[in-house]
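To start, the structure itself, in structure tokens.
Atoms within each ligand, like the ligands themselves, are counted from 1 in listed order. As the structure is a computational prediction, the values presented were derived from the model and not from experiment.
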Amino acid sequence: MPILSVRGLQKSFGNFNVVRDVSFEVERGQKVAIIGPSGSGKTTVLRCINFLERPNGGVIEIDGERFGVRMTGGSERFESDASLAKKRADIGFVFQRFNLFSHLTALDNVALAPRLVRKMPREQALEIGRRMLARVGLSGKENNYPDALSGGQQQRVAIARVLAMQPKLILFDEPTSALDPELVGEVLAVMRDLANEGMTMLVVTHEIRFAAEVADRIIFMDGGQIVADGPPRQVLYDQPTDRMKQFLRSLSSDNAPTAGAPS
Ligand SMILES: Nc1ncnc2c1ncn2[C@@H]1O[C@H](COP(=O)(O)OP(=O)(O)OP(=O)(O)O)[C@@H](O)[C@H]1O
Ligand SMILES: [Mg+2]
């Protein structure tokens with residue numbers, strides 16, 4: 001059974017159909033990258049998966065269970081915010097702009113959700129927090145506030161915060177695109193480690209080289225639709241559409257894929 005199933009997802013803002021009939025699955029342990037031009041609907045798909053954005057149609061299932069909607073007396077109802085918040089705890093979300101609490105230390109940022117959502121005793125949550133900070137290479141930074149950390153370090157705290165909840169699946173929305181170029185590598189290295197450890201990951205990224213190396217599949221979105229979904233080699237090189245070639249050309253040269261790139 002797939003850990004994530006998205007079927008017929010639709011989302012519009014006013015009259016503008018931003019996501020148009022998007023369907024895909026992610027199996028347990030799979031790494032799937034979503035790429036595509038700006039405005040193609042990538043962020044909206046991620047936000048609809050955990051109902052940060054309420055879809056207009058379609059079905060989201062996490063681990064075989066319907067997400068965001070429950071059946072009562074034969075009709076569908078949106079789940080309450082409280083019930084959604086509880087279920088979201090199983091799905092990590094790493095934002096482009098870290099979204100750490102600025103008034104909390106790195107350690108407290110990581111330990112907060114285990115305490116509040118998982119109702120863990122304080123000492124246990126702090127212990128998990130320390131372990132997760134160590135896992136992303138930030139031992140010694142426990143007491144730093146976010147503004148005393150680099151962007152790369154803040155993003156690693158954000159990843160540690162997600163890991164502390166032992167998620168079934170982590171959604172990443174361009175986790176490195178707000179970073180100075182010299183800080184991108186340290187975040188990608190942590191993501192590579194997670195991938196190697198078998199974490200299930202759905203990653204929106206412009207880091208095509210990373211996607212080609214780490215992802216089992218690449219989904220290419222354009223105009224709110226999936227136009228390609230397959231192994232990296234197939235999607236990027238074997239039969240690239242004109243739009244794909246155009247997209248790959250639009251990427252900066254230090255990020256473009258290497259071997260076999262379409263000319
Ligand atoms: N809350 C909103 N209200 C109105 N329009 C929105 C809203 N959120 C997104 N959109 C529009 O939906 C389209 C898709 O946006 P989305 O952020 O999903 O694209 P994206 O593929 O993530 O782009 P980028 O690569 O720039 O992050 C865009 O045209 C955007 O302007
Ligand atoms: Mg986006």
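- The pair Arg118-Asp90 counts as a salt bridge, with a side-chain nitrogen and a carboxylate oxygen less than 4.0 angstrom apart.
- Of all the heavy atoms of Val18, the ones lying under 4.0 Å from any atom of ligand 1 belong exclusively to the side chain.
- Under a 4.0 Å N-O distance rule, the pair Glu76/Arg70 does not qualify as a salt bridge.
- Checked by distance only, ligand 1 and Glu53 stay at 3.5 Å or farther apart across all their nitrogen or oxygen atoms.
- Checked by distance only, ligand 1 and Gly36 stay at 3.5 Å or farther apart across all their nitrogen or oxygen atoms.
- Cation-pi geometry between Lys245 and Phe247 is not met: the NZ or CZ atom fails to fall both under 6.0 Å from the ring centre and inside 45° of the normal.
- For atom 18 (O) of ligand 1, the nearest non-hydrogen atom of the protein is Thr44 OG1, 2.5 Å.
- Between Arg7 and Phe24 there is no side-chain heavy-atom pair separated by less than 4.5 Å.
- Residue Phe16 has no nitrogen or oxygen atom sitting less than 3.5 Å from a nitrogen or oxygen atom of ligand 1, judged on distance alone.
- Shortest contact from atom 9 (C) of ligand 1 to any protein heavy atom: Phe13 CE1, 3.5 Å.
- Remark: side-chain polar atoms of Arg156 are paired, donor with acceptor, to backbone N or O of Val136 under 3.5 angstrom.
- Ion pair Arg28/Asp63 flagged as a salt bridge, since at least one NZ, NE, NH1 or NH2 atom sits closer than 4.0 Å to an Asp/Glu carboxylate oxygen.
- Distance screen at 4.0 Å: atom 7 (C) of ligand 1 has a protein heavy-atom neighbour inside the cut-off.
- Look at Gly224 and you'll find every heavy atom at least 4.0 Å from all atoms of ligand 1.
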